[in-house]
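Single-structure report; data block below.
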Amino acid sequence: MTLPLPTGDFQAYLFDCDGTIVDSMPLHYTAWLRTLDEWGCAFPEDLFYALAGLPTADIVATLNDRHGLAMPVEAVVARREALYQQLLPTATGIPDVLRHIDDAHGRIPFAVVSGSTRDSVTASLDALGLLDRFDVLVCAGDYTRPKPDPEPFLLAARLLGVPPQACLVFEDADLGIESATAAGMAAVRVPQPRRG
């Protein structure tokens with residue numbers, strides 16, 4: 001496998017979803033651009049990746065503050081989600097991560113820990129035929145403090161019944177790596193696929 005894992009006796013794998021299991025970040029960015037264009041709101045790609053891991057509603061609030069706008073958060077979130085769902089059939093998996101999922105499935109429990117909504121995570125995993133592989137889904141709305149706070153990963157460990165130090169986190173975003181580290185968990189960074 002080309003994605004090396006740290007050494008350790010890991011009893012659970014915790015995965016971010018977007019950009020980690022599912023190569024969905026370009027689809028999310030397209031959905032954001034189409035949605036925000038309706039509100040005349042710019043969203044540079046570097047800012048999009050810097051905010052990766054934050055719940056969608058928090059991203060809208062951040063953009064409102066940054067641009068002095070008053071976009072209705074719930075309406076923007078719903079519109080972006082609808083556009084993402086339209087793009088989802090074109091999604092593919094991240095090959096190195098899928099190999100680790102295939103290799104360890106049935107030996108240790110898995111959880112998804114995401115800043116996306118449960119509907120979005122479920123649809124993404126379902127599109128790849130992976131939903132039944134995961135024992136626990138921790139999504140936006142399940143915790144009060146998002147990544148980089150450790151709460152989302154600690155909640156997943158608790159729901160799986162595995163001590164935090166026995167969990168290995170797969171993450172593509174800086175906020176997620178910070179969250180895992182703060183939770184006392186080992187993490188492996190998943191690089192974005194090369195485009196091109």
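Everything quoted here is computed from the prediction, not taken from an experiment.
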Honestly curious: do [X] and [Y] fall in one hydrophobic cluster under the side-chain, below-4.5 Å linking rule?
X	Y	result
L63	F48	yes
V169	L160	yes
M185	I177	no

Do [X] and [Y] have side-chain heavy atoms sitting under 4.5 Å apart?
X	Y	answer
I94	I21	no
L88	S124	yes
L137	R118	yes
C139	T117	no
D172	D18	no

Do NZ/NE/NH1/NH2 and the carboxylate oxygens of R99 and D96 come within less than 4.0 Å?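 Looking at R99 and D96, the cut-off is met.
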Please determine whether a side-chain nitrogen of the Lys or Arg among R189 and D174 lies less than 4.0 Å from a carboxylate oxygen of the Asp or Glu.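 Here R189 pairs with D174 in a salt bridge, since their nearest N and O are under 4.0 Å apart.
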Would you compute the distance between atom CG of D149 and atom CG of L175 and round it to the nearest 0.5 angstrom?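 That separation rounds to 11.0 Å.
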Could you list the residues that satisfy salt bridge (Lys or Arg N to Asp or Glu O under 4.0 Å) with D102, not counting sequence neighbours?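 Result, salt bridge (Lys or Arg N to Asp or Glu O under 4.0 Å) vs D102: R133.
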Determine the sole option in L83, T56, L51 for which the side chain to side chain contact (heavy atoms under 4.5 Å, CB included) test with W32 is passed.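 That would be T56.
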Only one of V113, V138, L154 clears side chain to side chain contact (heavy atoms under 4.5 Å, CB included) with Y143; which?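 Going through the options one by one, the only one that passes is V138.
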Can you tell me if T30 and Y84 form a side-chain donor-acceptor pair at under 3.5 Å?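 The answer is no; no qualifying pair exists.
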Evaluate the ring planes of F170 and H100, with Trp represented by its six-membered ring, and classify them as parallel (under 30°), tilted (30 to 60°) or perpendicular (over 60°).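 Tilted: the ring planes of F170 and H100 meet at 30° to 60°.
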Is the ring pair F15/F110 parallel, tilted or perpendicular, if the boundaries are 30 and 60 degrees?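 If you compare the ring of F15 with that of F110, the planes turn out perpendicular.
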